[in-house]
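Both backbone and side-chain heavy atoms feed into the values below; hydrogens, waters and symmetry mates do not.
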Amino acid sequence: QLQASGGGLVRAGGSLRLSCAASGRTFDNYPMAWFRQVPGKEREFVAAKSRHDGTTQYADSVKGRFTISRDKAKNAVYLQMNNLKPEDTAVYYCAARSFYGVGRTQSQYDYWGQGTLVTVSS
């Protein structure tokens, strides 16, 4: 029900925009988020946004560089990533939950996209 896209190879300092389109149900007022995972490490929280109360949260490592946004009409969530660093290299996953309230852990999200690979070269 969630389809992520937009990953690719970019040089350090560059930008990418990830997209995640939802189908089958609407997540209009529920939180949607982005997580990322590097092989051998746990999936980590990147950003989340709730239209219900306007809450937006970011991991400290991406604050000021990444921006999460939502499009109600398209039932989608986006992640604009600027000033990318090699340590941002990971598979990025979009997620959605069916409860109000932004969460920062995997277990709080019920729906997951398939992941899109972002590689940042130095």
Visitor: Would you mind reporting whether Ser61 and Arg36 have side-chain heavy atoms less than 4.5 Å apart?
Guide: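 Arg36 reaches Ser61 side chain to side chain.
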Visitor: Is Asp88 salt-bridged to Lys85, cutoff N-O under 4.0 Å?
Guide: no
Visitor: What residue among Phe35, Trp34, Tyr92 forms ring pair (Phe, Tyr, Trp, His ring centres under 6.0 Å) with Trp112?
Guide: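 The single option meeting the ring pair (Phe, Tyr, Trp, His ring centres under 6.0 Å) with Trp112 is Phe35.
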Visitor: Can you check whether Arg25's main-chain N or O pairs, donor with acceptor, with Asn75's side chain at less than 3.5 Å?
Guide: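 Here the side-chain-to-backbone pair exists.
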Visitor: Got a donor-acceptor contact below 3.5 angstrom from the Arg65 side chain to the Asn83 backbone?
Guide: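 Such a contact is found between Arg65 side chain and Asn83 backbone.
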Visitor: Is it true that a side-chain atom of Arg70 and a backbone atom of Lys49 form a donor plus acceptor pair closer than 3.5 Å?
Guide: yes
Visitor: Evaluate the side-chain proximity of Thr89 to Val38: yes if any heavy-atom separation is below 4.5 Å, no if none is.
Guide: no
Visitor: With the side chain counted from C-beta on, respond yes when Leu2 and Phe27 share a heavy-atom pair under 4.5 Å apart, and no when they do not.
Guide: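 A side-chain contact exists here, since the closest heavy-atom pair is under 4.5 Å.
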Visitor: Measuring only between side-chain heavy atoms, which start at C-beta, is Gln114 closer than 4.5 Å to Gln3?
Guide: yes
Visitor: Are Tyr30 and Tyr100 close enough that their ring centers fall under 6.0 Å?
Guide: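 Ring-ring flag for Tyr30/Tyr100: true, centres closer than 6.0 Å.
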Visitor: Taking all non-hydrogen atoms of both residues, which atom of Gly103 and which atom of Ala48 are closest, and how far apart?
Guide: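 Heavy atoms of Gly103 and Ala48 come nearest at O-CB, 4.2 Å.
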Visitor: Taking the side chain as everything from C-beta on, heavy atoms only, tell me whether Met81 gets closer than 4.5 Å to Val10.
Guide: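 Contact flag for Met81/Val10 side chains = no.
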Visitor: Name the residue from Val118, Leu9, Asn82 that meets the side-chain contact (heavy atoms from CB on, under 4.5 Å) definition with Leu16.
Guide: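 For Leu16, the side-chain contact (heavy atoms from CB on, under 4.5 Å) check succeeds only for Val118.
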Visitor: So does Ile68 get a backbone contact from the side chain of Tyr58, meaning a donor-acceptor N/O pair under 3.5 Å?
Guide: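 Yes; judged by distance alone, with no hydrogens or angles, the pair exists.
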